[in-house]
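This report concerns only the one structure given below.
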Amino acid sequence: MLDFNVRLIAWQRAQGRHDLPWQVTDPYRVWLSEIMLQQTQVDTVIPYYQRFLARFPDIASLAEATQDEVMALWSGLGYYARGRNLHAAARQIIDRHGGVFPREIEAIIALPGIGRSTASAIAVFAFGQRYAILDGNVKRVLCRCFGIDGWPGEAAVEQRLWSQAEALLPVDDVVAYTQGLMDLGATLCRRSRPDCPACPFAGDCLAQRQGRQAELPAARARKALPEKTTRMLILLHAGAVLLEKRPASGIWGGLWSLPEGDPADDVLALARRLGVTAGSGTDLAMLTHAFSHYRLRIFPSVLPVEKLGPRAEAPGRVWLSLADALGAALPTPVRKILLGLPEPGTPAES
DNA sequence: AAAGCGGGGAC
DNA sequence: GTCCCAGCTTT
């Protein structure tokens with residue numbers, strides 16, 4: 001298809017998206033949006049993006065913030081390493097680049113949380129440079145349009161896709177072209193039920209010609225998910241709940257979560273291990289939380305605290321009112337549990 | 001219930 | 001380089 005980029009640019013100008021909040025040239029805004037858009041769809045990102053930008057309007061304010069402040073605004077968005085890396089990168093930009101977002105692709109990609117595709121997107125949208133991107137939308141468009149078989153996560157397939165992406169890149173109008181690739185993948189060339197009749201490549205797209213839209217791109221081989229279980233304790237003392245800060249890396253790294261234990265263990269014994277004496281409490285409904293590599297079944301128990309031992313207060317532990325807890329950097333299932341608690345002072349449902 | 005979505009870090 | 005990890009939304 002000799003005129004792929006010409007047709008895509010024309011389509012983007014006529015039918016693409018022109019009102020996204022990050023369609024600006026401020027490198028900070030472009031960067032923030034690209035990080036949030038990794039693994040996350042536009043509609044989910046928009047409110048997080050607006051809140052984040054209102055609180056941290058520029059690189060300097062982000063660099064000066066504490067990790068807790070940053071993660072509180074990331075809470076619910078998932079993939080929390082993105083938030084930690086964003087914060088670390090802001091500090092690097094202050095320390096190593098005089099507070100100015102770097103323009104060179106090698107310097108951009110050297111920042112934590114930025115890989116080849118994200119670096120290219122920033123270079124294009126913020127600085128008008130000529131680099132190819134290859135995000136999930138683009139992979140889908142290219143696999144279908146050019147009939148590329150195999151799972152795109154596989155190294156050989158990904159290499160072909162990068163070569164194709166670079167070969168298609170126009171000399172001019174790279175911004176409209178790149179936005180067009182993203183828009184096409186997001187609005188017409190969807191994973192399911194693609195709108196082929198409206199596509200600028202209808203008639204030429206190999207997947208459409210061969211009726212293989214549902215087969216391309218090929219799905220990865222999936223294994224059965226292992227399952228884990230955990231007990232979460234909601235320890236209530238004078239209207240406050242105990243939260244523990246999780247280790248910096250791993251699941252929910254750096255977030256504030258409920259204390260956990262083995263569901264087979266006695267809940268009062270678990271509480272005692274945390275340095276509190278608790279009265280008998282209530283088990284709440286079990287909830288299931290899906291990760292990409294395992295399923296977690298959570299058994300929450302609410303316990304009234306009768307006496308605080310000396311170990312109840314320690315670094316990495318806080319007692320927060322329910323309202324303050326909901327303002328902290330919580331994992332989504334913990335937020336769900338706390339939101340489901342009866343209001344303080346209201347009698348529990350019977 | 002299953003699929004999709006980029007990059008970091010351990011090996 | 002190759003694996004493994006990470007957390008939500010949508011279908």
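Note that the coordinates shown come from a computational prediction; the quantities given were computed from them, not determined experimentally. The analysis underlying the following values was restricted to heavy atoms, covering all of them including side chains, and did not include hydrogens, waters or symmetry mates.
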Can you name the residues that form a ring-ring contact (aromatic ring centres under 6.0 Å, His included) with A:Phe299, not counting sequence neighbours? none
Between protein and nucleotides 8-11 of chain C, what N or O pairs are separated by less than 3.5 Å?
unit_1: C:dC8; atom_1: OP1; unit_2: A:Tyr80; atom_2: OH; d: 2.6
unit_1: C:dC8; atom_1: OP1; unit_2: A:Thr332; atom_2: N; d: 3.2
unit_1: C:dC8; atom_1: OP1; unit_2: A:Thr332; atom_2: OG1; d: 3.2
unit_1: C:dC8; atom_1: OP2; unit_2: A:His289; atom_2: NE2; d: 2.8
unit_1: C:dC8; atom_1: O5'; unit_2: A:Thr332; atom_2: OG1; d: 2.7

Inspect the surroundings of CZ in A:Arg51 and state if more than 12 heavy atoms from other residues, nucleotides or ligands are less than 6.0 Å away. yes
Whole-Å distance between B:dG6 P and A:Leu32 CG? 16 Å
Under 4.0 Å between any heavy atoms, over every strand shown, what does A:Leu134 touch: base, sugar-phosphate, or nothing? Just pick one. nothing
To the nearest angstrom, the CG-C1' distance between A:Leu216 and B:dG4 comes to 16 Å
Taking only side-chain N and O atoms of A:Arg140, does any of them lie within less than 4.0 angstrom of OP1 or OP2 on B:dC5? yes
Round to a whole Å and report the spacing from CZ of A:Arg297 to C1' of B:dA1. 11 Å
If I pick the P atom on C:dG7 and the same atom on B:dA10, what distance separates them, to the nearest angstrom? 16 Å
With A:Tyr49 via ring-ring contact (aromatic ring centres under 6.0 Å, His included) - residues at least two apart: A:Trp22
Can you measure A:Ile114 atom CD1 to B:dG9 atom P for me and round it to whole angstrom units? 13 Å
Suppose we call two aromatic rings close when their centres sit under 6.0 Å apart. Are A:Trp74 and A:His87 close by that rule? no
Tell me: CZ of A:Arg295 to P of B:dA1, nearest whole Å? 6 Å
A:Arg82 CZ to B:dG9 P, straight-line distance once rounded to whole Å: 15 Å
Among all residues two or more places apart in sequence or in another chain, which pass the ring-ring contact (aromatic ring centres under 6.0 Å, His included) test with A:Phe4? A:Phe146, A:Phe201
Table please: side-chain donor-acceptor pairs of residues 265-280 of chain A below 3.5 Å, with sequence neighbours left out.
unit_1: A:Asp266; atom_1: OD2; unit_2: A:Leu268; atom_2: N; d: 3.2
unit_1: A:Asp266; atom_1: OD2; unit_2: A:Ala269; atom_2: N; d: 3.1

Starting from C1' on B:dG8, measure out to CD1 on A:Ile109 and report it in whole angstrom. 12 Å
Listed by chain and number, what are the side chain to side chain donor-acceptor pair (under 3.5 Å) partners of A:Arg140, not counting sequence neighbours? A:Asn137
Separation of A:Lys139 atom NZ from B:dG7 atom P, in whole Å? 8 Å
